[in-house]
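Following: one structure in structure tokens, then a few remarks.
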Amino acid sequence: MYRAQLEAHPDAIELPAEQITAGLVRVAEQDGVVVGFAVLLAPSGGACELDGLFVEPEAMRGGVGRLLIEDAKSIARERGATRIDVVANPQALAFYEAVGFKPAGEARTRFGPAPRMTLAVGR
Ligand SMILES: CC(C)(COP(=O)(O)OP(=O)(O)OC[C@H]1O[C@@H](n2cnc3c(N)ncnc32)[C@H](O)[C@@H]1OP(=O)(O)O)[C@@H](O)C(=O)NCCC(=O)NCCS
């Protein structure tokens with residue numbers, strides 16, 4: 001959906017190496033092969049922001065995204081957050097709804113408005 005914009009502005013999805021060294025990145029592996037990853041920022045105001053979630057195209061619809069969200073929920077809880085917030089790619093809305101996220105307004109991104117969603121993680 002954002003291919004043209006992202007090709008023109010690759011910095012928009014650049015992943016800072018510091019997120020890895022800070023322990024904010026989780027990788028999903030299947031038979032020793034990386035099939036996806038999630039970036040969950042440190043809690044702020046009770047929420048951990050899900051800053052990135054990608055599954056390799058050939059592994060999509062195999063439950064990897066759901067597992068990464070379940071994992072992110074435990075991490076958010078351990079870190080004292082009560083919810084996970086995300087600015088959703090509109091094409092990923094059905095996924096976020098399927099794994100329990102609820103609509104939470106709209107965010108402004110450099111590429112236009114995008115839905116904000118939130119997931120309670122309990123305590
Ligand atoms: C969004 C994304 C992370 C989902 O990961 P995934 O591993 O394919 O998701 P799962 O297999 O765990 O899907 C869980 C459920 O979500 C729903 N779902 C997932 N993808 C869907 C789609 N394209 N259309 C409709 N429902 C979808 C389904 O209910 C699915 O369960 P089912 O397969 O049993 O029907 C993956 O498609 C992706 O990396 N997309 C490109 C990057 C992106 O948009 N990331 C989000 C940034 S905000």
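For reference, positions follow the sequence shown, starting with 1. As the structure lists them, so they are numbered: ligands from 1, and atoms in each ligand from 1.
- No part of L67 comes within 4.0 Å of ligand 1, judged by heavy-atom distances.
- Looking only at heavy atoms of the protein, atom 43 (C) of ligand 1 is closest to L53 O, 3.8 Å.
- Proximity of I69 to ligand 1 is not established, as no heavy-atom distance is less than 4.0 Å.
- Between H9 and F111, the ring planes are tilted. Angles from 30° to 60° get that label.
- Side-chain contact between I84 and I69: absent, with no pair of heavy atoms (C-beta onward) separated by less than 4.5 Å.
- Looking only at protein heavy atoms, the nearest one to atom 13 (O) of ligand 1 is F95 CD1, 3.7 Å.
- In terms of polar-atom proximity, F54 is not counted as a contact of ligand 1, lacking any N or O under 3.5 Å from an N or O of the ligand.
- Between C48 and I75, every side-chain heavy-atom pair lies at or beyond the 4.5 Å cut-off.
- Looking at E70 and V99, their side chains never come closer than 4.5 Å, going by heavy atoms from C-beta outward.
- Within ligand 1, the atoms closer than 4.0 Å to a non-hydrogen atom of G62 are 11 (O), numbered from 1 in the order shown.
- The distance from ligand 1 to the heavy atoms of A98 drops below 4.0 Å at these ligand atoms: 15 (C), 16 (O), 17 (C), 29 (O).
- Close approach to V64 involves these atoms of ligand 1, each under 4.0 Å from a residue heavy atom: 7 (O), 12 (O).
- Two residues are said to be in side-chain contact when any heavy atoms from C-beta on lie closer than 4.5 Å; Q30 and V33 fail this criterion.
- Within the 4.0 Å heavy-atom criterion, the part of Y96 lying near ligand 1 is the side chain and not the backbone.
- Ranking the protein heavy atoms by distance from atom 12 (O) of ligand 1 puts R66 N, 2.8 Å first.
- Residues that satisfy the ring pair (Phe, Tyr, Trp, His ring centres under 6.0 Å) test with F37, not counting sequence neighbours, are F54.
- Side-chain contact between V64 and E56 is absent, with no heavy atoms from C-beta onward closer than 4.5 Å.
- Side-chain contact between L40 and L50: present, with at least one pair of heavy atoms (C-beta onward) separated by less than 4.5 Å.
- Heavy-atom contacts from other residues, nucleotides or ligands closer than 6.0 Å to CG of D31 number 12 or fewer.
- For atom 34 (O) of ligand 1, no protein heavy-atom neighbour is found at a distance under 4.0 Å.
- V35 has its side chain out of reach of E58: every pair of non-hydrogen atoms, C-beta onward, lies at least 4.5 Å apart.
- Within the listing of ligand 1, atoms 48 (S) sit less than 4.0 angstrom from a heavy atom of V87.
- Atom 1 (C) of ligand 1 has its nearest heavy-atom neighbour, among P115, A92, P57, in A92.
- Looking from atom 36 (C) of ligand 1 to the surrounding protein, the closest heavy atom is M60 CE, 3.9 Å.
- At distances below 3.5 Å, at least one donor-acceptor pair connects side-chain atoms of R77 with backbone N or O atoms of V121.
- The protein heavy-atom contact nearest to atom 7 (O) of ligand 1 is G65 N, 2.8 Å.
- If you check which protein heavy atom lies closest to atom 11 (O) of ligand 1, you get G63 N, 2.8 Å.
- The ring-ring contact (aromatic ring centres under 6.0 Å, His included) contacts involving residues 60-91 comprise nothing, where partners must be two or more places apart or lie in separate chains.
- The protein non-hydrogen atom at the shortest distance from atom 26 (N) of ligand 1 is A94 CB, 3.6 Å.
- At least one N or O atom of N89 sits closer than 3.5 Å to an N or O atom of ligand 1.
- Of all protein heavy atoms, the one closest to atom 23 (N) of ligand 1 is R61 NH1, 3.9 Å.
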